[in-house]
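Following: one structure in structure tokens, then a few remarks.
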Protein chains: 2
Amino acid sequence: MSTKNKILDAAEQLFADKGFNGTSLREITSQAEVNLAAVNYHFGSKKELIKAVMSRYMNELSPRLESALEAVCQQQGQPSLIQVFSAFVEPLLSLNEFQENGTSNFLQLLGRGYTDSQGFLRWFLTTQYPNVISYFVDAVQKAYPELTPEDMFWRLHFTMGTIVFTMSSSDALMDIAANDFDRKMDIGEVIQQVIPYVAAGVAAPINRAD
Amino acid sequence: MSTKNKILDAAEQLFADKGFNGTSLREITSQAEVNLAAVNYHFGSKKELIKAVMSRYMNELSPRLESALEAVCQQQGQPSLIQVFSAFVEPLLSLNEFQENGTSNFLQLLGRGYTDSQGFLRWFLTTQYPNVISYFVDAVQKAYPELTPEDMFWRLHFTMGTIVFTMSSSDALMDIAANDFDRKMDIGEVIQQVIPYVAAGVAAPINRAD
DNA sequence: AAACGGTTTAAACAGATGTTTAAAATAGCC
DNA sequence: GGCTATTTTAAACATCTGTTTAAACCGTTT
């Protein structure tokens, strides 16, 4: 395994667990068993390392996501919102073959990126991977044509929030659920739990009474 | 204004903007125009300061929240989920009279607390203010009796996630909305937008097919 | 006026942070 | 083997972190 990949793997795990600000380069390099200076040699800076960790996942995920959403859009008849959201499941779960804890790590990183470091990661994702977003918007548009662009905007961000936030604390939540309900869930089951919720949320009737 | 309150005000604003880890005591004390050592003198440590900032809001909010939820529970007839969630609106908006940007700041702080510092704030809130949560669970239970405790657990956390996550990036989202749709919203309108979404999410049909 | 408790202050503390340096080690190539 | 370019290494860098210290300050009480 190359030094570069050892750093990426260690950084990914630590970033997911403790956030970007909460993880030092020394923690990363000692877990990766490489020299401290290797990060700046291979990546230039900590900020570039964060981008590299996210890019590795996005480059794996975004083509699968785009084709899955495309398939839903192009199937004959109007797709349901459940179908649109379900299109995410397989690509997301496939990250587990790409990397250990891949699905969970990626979603946690996404959550971190929205709140840590003044949202520069949100800028990075929306500018670097605009296709995923526009494909998704098209799919939802087809499934729920009555939704105005403005309502769509908000509901997509609510959805993003639900997913990302849930996943960023999914480990803690799964622990609680295991204790309280005696049922051990994996990340796939949590995703299955959240889909009806977000689908119903997006499909909620529009309240123009106010 | 006392030194203690000057620190609390400055810390609140900075914590909301940049997170707990992302804000140093020197930033806080220089914005508050007090000496650096004042934080440790008055609060003991940074961690205690964080608790104090949150407590100031929770002590203001939780009695209002409890009585609002109690009122919804005790009204005759079965309350709707929209009513349950709407019970949060007035208490939350009342924070704006208590403090400038109070509503927005508090919700952002809540969002920070879930992801920053390994969730110690989640522990703090659930142990220090269990009444708010149990009142809320009761109210939802009444509004949607078919929901099993396990599904309830997940959907309440999805809801928490939606709210908190949306609000923690509400400033950025409101900016985008103002640009794209030429409509300036305030925090109250965002809350009104999110209520149908979370109400429909919690009310979603249970999928036991898997 | 003196003594006192509470508060503020400047300074220093020890440790952690991201980054840079220059020498050492390693690899690939003629 | 000898040369070159890439990579690794230990050490130092300057800066920032939360916290502590001890002296100074202030209003109150004796």
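Each chain gets a letter, A, B and so on, in the order its sequence line appears, and its residues count up from 1.
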*Report the distance from atom NZ of B:Lys46 to atom P of D:dT20, rounded to the nearest whole Å.*
15 Å
*side-chain hydrogen bond (donor to acceptor under 3.5 Å, both in side chains) assessment of A:Gln99 paired with A:Asp9*: CA-CA 9 Å; A:Gln99 189 87 339; A:Asp9 287 348; 2.6 Å; yes
_Taking only side-chain N and O atoms of A:Ser24, does any of them lie within less than 4.0 angstrom of OP1 or OP2 on C:dT17?_
yes
*Measure from CD1 on B:Ile7 to P on C:dT9 and round the result to the nearest Å.*
10 Å
_Whole angstroms only, please: what is the CG-P distance between A:Asn40 and C:dT19?_
5 Å
_Spacing between A:Phe20 atom CZ and C:dT17 atom P, to the nearest angstrom_ = 17 Å
*Grab the two heavy atoms, one from A:Ala10 and one from A:Gln31, that are nearest each other, plus how far apart they are.*
CB-CG, 3.8 Å
*Grab the CG-P distance between A:Leu25 and C:dT19 for me, whole Å please.*
6 Å
*asked:* Ignoring hydrogens and geometry beyond distance, is a side-chain donor-acceptor pair present between B:Thr159 and A:Tyr197 at under 3.5 Å?
replied: yes
*asked:* Judged by each residue's nearest nucleotide on DNA chain D, which is more toward the 5′ side, A:Ala37 or B:Ala37?
replied: A:Ala37
*asked:* Is the phosphate of C:dT8 approached by B:His42 (side-chain N or O, under 4.0 Å from OP1 or OP2)?
replied: yes
*asked:* For the CH2 atom of B:Trp154 and the CD1 atom of A:Ile176, what is their distance to the nearest 0.5 Å?
replied: 8.5 Å
*Roughly how far, to the nearest 0.5 Å, is CD of A:Glu90 from CD1 of A:Ile191?*
12.0 Å
*With sugar-phosphate meaning primed atoms plus P, OP1 and OP2, does B:Thr23 contact a base, only sugar-phosphate, or nothing at under 4.0 Å between heavy atoms?*
sugar-phosphate
_Without decimals, in angstroms, what is the distance between B:Tyr41 OH and D:dA23 C1'?_
15 Å
*Establish, with yes or no, whether the OP1 or OP2 oxygen of D:dT8 is under 4.0 angstrom from a side-chain nitrogen or oxygen of A:Asn35.*
no
*Would you mind reading off the distance between B:Arg26 atom CZ and D:dT15 atom P, rounded to a whole angstrom?*
14 Å
*Map B:Leu36 and B:Glu33 onto DNA chain C by nearest heavy atom, then report which one ends up closer to the 5' terminus.*
B:Glu33
*Could you state the atom-to-atom distance from NZ of B:Lys47 to C1' of D:dT19 in whole Å?*
15 Å
*Could you check which of C:dT20, C:dT8, D:dT8 has an atom nearest any side-chain atom of A:Thr3?*
D:dT8
*Phosphate oxygens OP1/OP2 of D:dG18: is one of them under 4.0 Å from a side-chain N or O of B:Ser45?*
no
